[in-house]
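Could you have a look at this structure, given as structure tokens, before my questions?
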There are 2 protein chains.
Amino acid sequence: MGLTKSQIFSDRQNELAQIFRVLAHPARIAILEYISEQKSCICKDIVSEVGLAQPTISQHLKELKSIGLIQGEIEGKKVCYCLNADKWKSVQEGLNDFFDQTSINCC
Amino acid sequence: MGLTKSQIFSDRQNELAQIFRVLAHPARIAILEYISEQKSCICKDIVSEVGLAQPTISQHLKELKSIGLIQGEIEGKKVCYCLNADKWKSVQEGLNDFFDQTSINCC
DNA sequence: TTTTAATATTGCAATATTACGATAATAAAT
DNA sequence: ATTTATTATCGTAATATTGCAATATTAAAA
């Protein structure tokens, strides 16, 4: 079918999966790495750096914004993207909680 | 198109994305959590616990196995699944490296 | 105010993923 | 040997994702 049955899972499970999903594309990894390396993080520069078409990058940026990992500040006709440090930290902590709580209790 | 252009990204970026992709489904989160909670972790039990059809669970288990997060031991006609503790730890460390290295250097 | 530059949105084609019925494979139980 | 139980695989339908050309939007520059 292709339709994830989200309703049978807990909110926490769906939220975790959603975070993983946003990170589950090499272009979005590359964008995050590039943004974090640069002082200036203009969309146009991301396009040339990553090597995908501008609408494609814009779409990936939208997904990263959807969970708050990055934020875009409008500066004239440019948009300056940067990481959201607080969200970045809290996502990392959330994932660590998942890894820690899913302890080993093997057969 | 629907075809990720993996060749324009680094191995590391593709590998990270691949790990995130495998974790990016609530059923697989639920399976990992359930396996870790149980002493015995037979496929049939996962099917009743998670609430998806047996072929669907089998497919999800295959994906989790593909990156080594779980392993299945054949016991007669049953298969006993458990977490791979070493891989679990190394994946967690790899993701933490990514989060730490992607430092904040904002505009 | 027209042009130019930067970014977002829309529409669409192609591939990927999800889910499950049907069926195969395997091994224990009868 | 046949049946039963457990898991894996195949085939297929439906939804999701990826990527980009075309176009819209917005604001600076000329």
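Values below: every heavy atom of this structure, side chains too, minus hydrogens, waters and symmetry copies. Per chain, numbering begins at 1; letters A, B, ... match sequence-line order. All values derive from a computational prediction rather than experimental measurement.
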| field | Spacing between A:Gln59 atom CD and D:dT17 atom C1', to the nearest angstrom | value | 8 Å
| Nucleotide D:dT7, atom P - distance to CG of B:Leu61 in whole Å | 10 Å
| What orientation do B:Phe98 and B:Phe20 show, parallel under 30°, tilted 30 to 60°, or perpendicular over 60°? | perpendicular
| Heavy-atom donor-acceptor pair, B:Gln54 side-chain to D:dA8 base, under 3.5 Å | yes
| Worked check of side-chain contact (heavy atoms from CB on, under 4.5 Å) between A:Val47 and A:Leu52 | CA-CA 6 Å; A:Val47 171; A:Leu52 293 171; over 6 Å; no
| note | Whole-Å distance, B:Glu63 CD to D:dA8 C1', equals 15 Å
| query | Rounded to the Å, how far apart are B:Asp45 CG and D:dT7 C1'? | reply | 13 Å
| task | Please tell me which of the listed nucleotides, C:dT9, C:dA28, D:dT18, lies nearest to the side chain of A:His25? | result | D:dT18
| task | Please determine, by modelled atom types, if B:Glu33 and A:Gln13 share a side-chain donor-acceptor pair under 3.5 angstrom. | result | yes
| field | Test item: side-chain donor near acceptor, A:Gln38 and A:Asp45, under 3.5 Å | value | no
| Between A:Lys5 and C:dC20, does any side-chain N or O lie under 4.0 Å from OP1 or OP2? | yes
| Of the nucleotides D:dT6, C:dA6, C:dA8, which has the atom closest to the A:Ile42 side chain? | C:dA6
| said: Nearest to the B:Pro55 side chain among C:dG11, C:dG21, C:dT7, which nucleotide is it? | reply: C:dG21
| Interatomic distance, B:Ile57 CD1 vs C:dT18 P [rounded to whole Å] | 12 Å
| message | Rounding to an integer number of Å, can you tell me how far B:Ile8 CD1 sits from D:dG19 C1'? | response | 10 Å
| field | A:Leu52 side chain, from C-beta outward: closest of C:dA6, D:dC20, D:dT7 | value | D:dC20
| said: Please report the distance, rounded to the nearest Å, between NZ in B:Lys65 and P in D:dA8. | reply: 5 Å
| task | With heavy atoms under 4.0 Å as the rule, sort A:Thr4 into base, sugar-phosphate or nothing. | result | sugar-phosphate
| Closest nucleotide among C:dT18, D:dC10, D:dC20 to the A:Thr56 side chain | D:dC20
| note | Atom CG of B:Leu3 and atom P of C:dT17 are separated, to the nearest Å, by 10 Å
| remark: Whichever of A:Val79 and A:Ser6 has the more 5' nearest nucleotide on DNA chain C, that residue is A:Val79
| query | Do B:Cys43 and B:Leu61 touch side chain to side chain, with heavy atoms closer than 4.5 Å? | reply | yes
| task | Please state whether the phosphate of D:dG19, meaning OP1 or OP2, lies under 4.0 angstrom from any side-chain nitrogen or oxygen of A:His60. | result | yes
| query | Nearest nucleotide by nearest heavy atom, which residue falls closer to the 5' end of DNA chain D, B:Ser58 or B:Phe9? | reply | B:Ser58
| message | Taking 4.0 Å as the cut-off, does a side-chain nitrogen or oxygen of A:Arg21 come that near to OP1 or OP2 on D:dT17? | response | yes
| Heavy-atom side-chain proximity of A:Ile70 to A:Trp88 below 4.5 angstrom | no
| request: Consider the side chain of A:Lys77, meaning its heavy atoms from C-beta on, and name the nucleotide among C:dA8, C:dA28, D:dA28 that approaches it most closely. | output: D:dA28
